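Letters A, B, ... mirror the listed sequences (proteins, then strands); counts begin at 1. The figures that follow rest on heavy atoms only: side chains count, while hydrogens, waters and symmetry mates do not. Given the structure is predicted, the values throughout are model-derived calculations rather than measurements.
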Number of protein chains: 2
Amino acid sequence: MKVTIKRIAEILKVNPSTVSRALRGKPGVSEELRNKILRTAEELGYYPDTRARSLKEGSTRTIGILIPDMGNPFFANAVAAMERVLFPMGYSFFLCVTEEDNEKERINLQKLLSYNVDGILAAPVDRIKNIKLYKQIQSKGIPLVFFDRRIVDLKVPYAVTDNRDGVYKLMDYLKKMGHESLGIITLHRESYTGMERLNAAIERAKELGMEVRENWIKDGKSTQRGAYEAAKELFKERKLPTALFVCNNVMTLGVMKALKELSISVPDSISLVTFDDSFWNQIFDPPVTCVAQDPMQLGMIAATMLLNSIKYPDQQEQDGVILKTHFIERYSVKNLLITTNGEG
Amino acid sequence: MKVTIKRIAEILKVNPSTVSRALRGKPGVSEELRNKILRTAEELGYYPDTRARSLKEGSTRTIGILIPDMGNPFFANAVAAMERVLFPMGYSFFLCVTEEDNEKERINLQKLLSYNVDGILAAPVDRIKNIKLYKQIQSKGIPLVFFDRRIVDLKVPYAVTDNRDGVYKLMDYLKKMGHESLGIITLHRESYTGMERLNAAIERAKELGMEVRENWIKDGKSTQRGAYEAAKELFKERKLPTALFVCNNVMTLGVMKALKELSISVPDSISLVTFDDSFWNQIFDPPVTCVAQDPMQLGMIAATMLLNSIKYPDQQEQDGVILKTHFIERYSVKNLLITTNGEG
DNA sequence: CCCAGTTACACAAACGTTTGCGCAGTCATG
DNA sequence: CATGACTGCGCAAACGTTTGTGTAACTGGG
């Protein structure tokens, strides 16, 4: 038998409204009765039913967080940061994991709509499939902030990394080190991030006169396993590029594993640069040169933007925040200019 | 203006009950009217209000997941596994992060009670502070499963790793390699895991005749940063042990960082073994010898146990699952027997 | 043509809260 | 002692659902 306000009211032979007022500390109930009510509530182990309360009051004080992958420390840390911002404000969290699957994303978004969350933080799967659902969320006036990825067609506030700029830094560096050919292990291509990084890499590389063959571009599917297989595929090619660009952190693990199995040494046989800097990049042998983005910062900013959207629902200005990456030079890229000189 | 069943009923000039039956596919409404209702629901963007529904029906189809740290891949992966088991069953998730803080744990547990979750998966902070709350959860008949950590005083189903056995494997190995002295970087000591591993290590080491000085045991507080500082402290000591046992995965990162900064080489200057095997253990230089537990498996099992508790609420039998660790020998422990022979 | 059975809908109560309003009783003021 | 203000509580409606029951209208069989 559940302990409710009604139940307490019955026991104490008072009206439920009085119990409610007593528990919420509202005026209109004598000190004596209030104490008696508080005591029995404590004794019986009463907890207010948020469903009923929020039904009456409107707000649920919950936030939906939608990410593609729990196992990726990038997202795990972003979520951690969001929690740190939002928890002190009294919010709880619905965690939704899409696994890059449109169908799972759809179901989760519909659930969030049904749960009447106060806001949504989402890293959407792709730019097409569930756009209608996101539009619906928007048109219902539910505060929504994209992070890491966005849907460009939608006028929704976002916090993302400047992928293009980050990739340019890497490409320019490779060129500077004398590399003239490039392979790429891509994210799954439907995603915003996937597109951005791939296109930027190809464009910049070509601008710099580097060769990027079609069959040097392999789909890593955003996962460790996918990247592992992609790398294995790549190294079956007769002619190989001198440098390899891996589009995110977890895929780097897969590529590394493949390299180890094939006994291909970095940077002697091939040079390596990556997007993202997880701890393992520093402790690889050799440490991997990369552009870093800070998932905690991203999460914090996204959460703060959401809070703002919740507070000022009509504000349309805050279009988006674009974070710059931080270039970190380590030892995974060979300087071909020096080497060839030495050999010549 | 929110679109509700009532609203649809008004527009179509029918009774809300009819709309409800139509939407839920229940009998008693003509094909023609049903279609009309479905169409307008679709047009208006209707989503059922789960608060109201669950208020009526009882079950919320939500699960509370409580973990200490989002940034720890161990827990992130455990959560990922739980999601994979529970999502197909139609459950949603309240994510609660305690950061090893009793107060945060209390608030979160109270929220879960207020949210009327159908079940709770928890890795509790410690064995004392919120025991009353856990008891309350239990006595209210809310299915509860502990994972990774448990509160021994409570008769609650659990899925944990055999910490003692794991630690024994490591100690026995160290002894076999000729080590006679041991340092320990501990978890925060109030936790179940913290206690288990520390006690087991001290006991076994002493049994084997190894020296474990008080000031070789440093509190790493379960975090990377804490372990970093603890390691720095440890290496201030005049006399050092030949081997160091780090009690979990993220702390290993902190210790490694400290070792690097202090230019202490592994395993030449000191040998290293750890509990847990995250990816970085394999790619450290040298790769780290450890006992591994599989967080995915742990999460899966815990989630399955919870499902069982939900399905058969009265079943008291399923006391707990204890998973064995897997010993992985790598290159972070020096064989003192061979070396001393060589030198002598 | 009557009755039983079926169909298609309306009505109302309930889930657990919150809150505006009403209404006695108390107290002070004039 | 009448008036007004205040205090302390009960009453009832509402949030959005679901579901048991009631009830017309229609069907077909005898």
Send over the distance from K6(A) NZ to dT19(C) P, rounded to a whole Å. 18 Å
Assess whether a salt bridge exists between E57(B) and R24(B), defined as any Lys/Arg side-chain N lying under 4.0 Å from an Asp/Glu carboxylate O. yes
Base, backbone or nothing for each nucleotide of nucleotides 19-24 of chain D, written B, S, -, heavy atoms under 4.0 angstrom, 5' to 3'? BB----
For K2(B) and dG16(D), what is the distance between atoms NZ and C1' respectively, to the nearest whole Å? 7 Å
Whole-Å gap separating C1' (dC9(D)) and CD (E32(A)): 13 Å
Lys/Arg N to Asp/Glu carboxylate O, R149(B) vs D126(B), below 4.0 Å: no
Both A52(B) and L33(B) contact DNA chain C. Taking the nearest nucleotide for each, which residue is further toward the 5' end? L33(B)
For dC9(C), does either OP1 or OP2 sit under 4.0 Å from a side-chain N or O belonging to S30(B)? yes
Whether R34(A) and E31(A) form a salt bridge (side-chain N of Lys/Arg under 4.0 Å from carboxylate O of Asp/Glu) is what I want to check. yes
Give a yes or no on whether the ring-centroid distance for F94(A) and F93(B) is below 6.0 angstrom. no
What is the distance from CZ of R51(B) to P of dG16(D), rounded to the nearest Å? 8 Å
Measure the distance from CG on L55(A) to P on dG16(C) and round it to the nearest whole Å. 13 Å
Look at T4(B) and dC15(D) and indicate whether a side-chain polar atom (N or O) is within less than 4.0 Å of OP1 or OP2. no
Position toward the 5' end of DNA chain C (nearest nucleotide), Y46(A) or G28(B): G28(B)
Distance in angstrom units between K13(A) NZ and dC9(D) P, rounded: 16 Å
dA14(C) C1' sits how many Å from D49(A) CG, rounded? 14 Å
Between E32(A) and R39(A), does any side-chain N to carboxylate O distance fall below 4.0 Å? no
Test side chain to side chain donor-acceptor pair (under 3.5 Å), reference N130(B), set Q136(B), E105(B), R106(B), output is E105(B)
Nearest whole angstrom, please: distance from the C1' of dT17(C) to the CZ of R7(A). 17 Å
Please say whether the positively charged group of R127(B), taken as NZ for Lys or CZ for Arg, lies over the ring of Y192(B), i.e. under 6.0 angstrom from the six-membered ring centre and within 45 degrees of the axis. no
